[in-house]
Amino acid sequence: MTSKELKTYGKSDYVSELDSSSAGKIVTLTGFVHRKREHGGVIFIIFRDPTGIVQVAGHRKHASQAAFEAMQQVTLESAIRLIGKVQVDKRAPTGIEIHVTSFEIVSLAGSEWPLEKDAGDAFLYDKRHLYLRSPSQTAIMQIKAEISRAAHEHLDGEGFTEIFPPILVSASVEGGATLFPLEYFGSTAYLSQSAQLYEEAAICGLEKVYLIAPSFRAEKHRTRRHLTEFWHLEAELTFATHDDIMGVEERLVHAICKHIKSKCKRQLTLLGAKIKVPSLPFKRITYDEAIEIAAQQGFKASWGEDFGREIERAISQQFKEPFFIKGYPTSARSFYHLPDPDRPEVTLSSDLIAPGGFGELTSGGQRIHDLDQLMERIHEQSLDPSSYSWYLELREFGLPPHAGFGMGLERCLVWLLGLKHIREACLFPRTPSRIRP
RNA sequence: GCCGGGGUGGCUCAGCCCGGUAGAGCGGGAGGCUGUUAACCUCUAGGUCGAGUGUUCGAAUCGCUCCCCCGGCGCCA
């Protein structure tokens with residue numbers, strides 16, 4: 001039978017559903033040739049679908065001639081459909097084996113599948129469109145989807161409303177240097193680097209909002225933590241303080257960890273990742289205390305500046321669970337952060353730091369809701385008020401105290417799974433040196 | 001932008017210091033094999049050594065210029 005004759009693929013089974021209790025069952029599988037080992041009279045094919053791999057055995061004397069010949073002919077990564085009987089066999093890699101009765105090549109792959117065992121990272125990402133098929137990359141994408149699902153379920157449960165912000169914007173959140181410009185009917189528009197300003201507009205109607213949307217940063221970073229395009233989980237709520245938003249953040253991170261740990265066991269095992277669900281509430285230390293911790297590790301941080309990477313890592317290494325550093329100096333934060341009324345040189349803001357040297361996971365805080373105070377900060381930072389006209393107008397019409405945060409979805413994945421590089425967390429990563437495939 | 005590492009068959013690399021005209025493993029092709037575990041055995045094809053330029057009888061190898069890639073930092077999620 002060829003695929004042209006098929007009325008339906010009649011798919012009924014997935015690899016992950018097969019175990020020793022399936023012995024004797026006739027299954028129909030669709031997927032790909034992951035490995036092939038040919039021995040003359042017997043051929044082993046490692047079959048792969050989205051849920052795992054299983055060995056398929058074809059014997060010249062037992063399988064039909066058509067099935068055996070198709071197995072001889074098939075190449076690595078060809079798409080196949082097969083019917084066979086499940087058998088328990090200790091010699092098979094997963095302890096289970098399918099003895100073929102029907103083997104159909106749905107789409108024959110060329111003989112030179114380029115991804116070999118010793119392929120380097122650069123090559124794998126040049127071939128990302130093919131590399132994505134591999135079990136590890138499939139598992140990462142499945143977990144990424146579950147992080148999104150966990151976030152939706154958790155935030156919906158806390159009464160947040162999902163919003164869908166613009167990606168094409170006219171001004172930046174904090175400056176201009178890190179925006180990607182584009183031609184927009186004779187004027188210049190930019191790709192959004194954060195939806196925060198739009199969230200602040202949305203909360204007066206919706207009270208609690210969140211989004212998962214792409215953000216763009218035109219910064220030539222050469223590190224394993226940076227992308228030029230990433231998926232940004234941002235939330236904002238009104239009638240709320242800095243303490244309220246830290247509560248939202250820690251409950252969310254806790255919920256994500258719990259969800260992934262229970263829903264993604266197979267993927268975590270495959271990736272060799274273990275998730276420790278952190279206990280609530282997370283520790284909160286002040287910026288000043290963080291400086292002291294750095295000093296104990298032999299690092300001198302000068303007050304008023306954000307921590308450098310080395311110092312942040314040293315501080316993070318002193319913790320076993322995520323923790324907040326709060327009270328960052330006003331001089332080190334963006335113009336919209338609310339200065340502490342009792343101590344204006346620091347802001348009511350915080351970063352959530354992942355432990356063990358990982359570093360920043362989220363950044364958030366309470367925003368300035370008073371117009372005069374915001375204008376003052378805009379002038380202090382030499383920004384142009386006309387760029388923020390609608391954002392300022394929000395403050396003229398009853399904007400309550402409010403707070404929010406942002407988290408990079410890919411960074412969350414890197415932390416949870418212990419990935420070596422943030423590009424592993426992306427379907428098609430975008431970095432300064434990579435825009436294709 | 002700054003600091004460091006690197007560009008040699010399809011892939012991963014050796015050769016470069018001490019110049020003599022390119023090699024391995026994997027992958028590909030052909031053949032063999034009834035229990036493999038990214039199988040094994042035999043045969044085989046495949047490279048203007050990142051680009052330009054200089055020195056030299058001779059450059060993958062030495063000098064200069066440039067390009068690209070990788071890691072780190074500044075900054076950030």
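In the text below, chain A, chain B and the rest are named by the order of the sequence lines, each starting its count at 1.
Atom CZ of A/Arg434 sits about 9.0 Å away from atom OH of A/Tyr125, to the nearest 0.5 Å.
Between A/Asp351 and A/Arg35, the residue anchored closer to the 5' end of RNA chain B is A/Arg35, taking for each the nucleotide with the nearest heavy atom. When each of A/His421 and A/Glu97 is assigned the nucleotide of RNA chain B bearing its nearest heavy atom, the one mapping closer to the 5' terminus is A/Glu97.
The same atom, C1', is picked in B/C75 and in B/C16; the two are 39 Å apart, to the nearest Å. Between B/G9 and B/G27, the two C1' atoms lie 11 Å apart (nearest whole Å). Separation of the P atoms belonging to B/U44 and B/U61 is 31 Å when rounded to the nearest angstrom. Of the P atoms belonging to B/U53 and B/G71, the separation is 32 Å, rounded to the nearest Å. B/A60 and B/G20 have their C1' atoms separated by 13 Å, given to the nearest Å. A distance of about 13 Å separates the P atoms of B/C11 and B/G47, rounded to the whole Å. Spacing between B/G35 and B/C26 at atom C1', rounded to whole Å, works out to 24 Å. Between B/G52 and B/C67, the two C1' atoms lie 10 Å apart (nearest whole Å).
When A/Lys36, A/His34, A/Met71 are each tested for a side chain to side chain contact (heavy atoms under 4.5 Å, CB included) with A/Val56, only one passes: A/Met71.
Across all strands shown, A/Phe123 has heavy atoms under 4.0 Å from sugar-phosphate atoms exclusively, and none from any base. At the heavy-atom level, A/Arg333 lies nowhere under 4.0 Å from the strands shown. Across all strands, A/Gln55 comes closer than 4.0 Å to base atoms (heavy-atom distances). Among the heavy atoms of the strands lying under 4.0 Å from A/His59 is at least one base atom, whether or not backbone atoms are also near. Across all strands shown, A/Arg60 has no heavy atoms under 4.0 Å from either base or sugar-phosphate atoms. Among the heavy atoms of the strands, none lies under 4.0 Å from A/Leu115. Here A/Glu116 lies in heavy-atom contact (under 4.0 Å) with a base. Heavy atoms of A/His226 sit under 4.0 angstrom from at least one base atom. Base contact: A/Pro93 has a heavy atom under 4.0 Å from a base atom.
Within the cation-pi definition used here (under 6.0 Å to the ring centroid, within 45° of the axis), A/Arg333 qualifies as a partner of A/Tyr328.
Aromatic ring pairs are classed by plane angle as parallel below 30°, tilted from 30° to 60° and perpendicular above 60°; the pair A/Phe216 and A/Phe180 is perpendicular. In this structure, A/Tyr210 and A/His152 have perpendicular ring planes: the angle between them is above 60°, well past the 30° mark. In this structure, A/Phe324 and A/Phe282 have tilted ring planes: the angle between them lies in the 30° to 60° band.
Phosphate contact (OP1/OP2 of B/C73, side-chain N/O of A/Arg313, threshold under 4.0 Å): present. Close to B/A77, at under 4.0 Å from its OP1 or OP2, lies a side-chain N or O of A/Ser363.
Summarising the geometry, the separation between CZ on A/Phe180 and C1' on B/C76 is reported as 14 Å, rounded to the nearest angstrom. When rounded to the nearest whole Å, the span between NE2 of A/His337 and P of B/C76 equals 10 Å.
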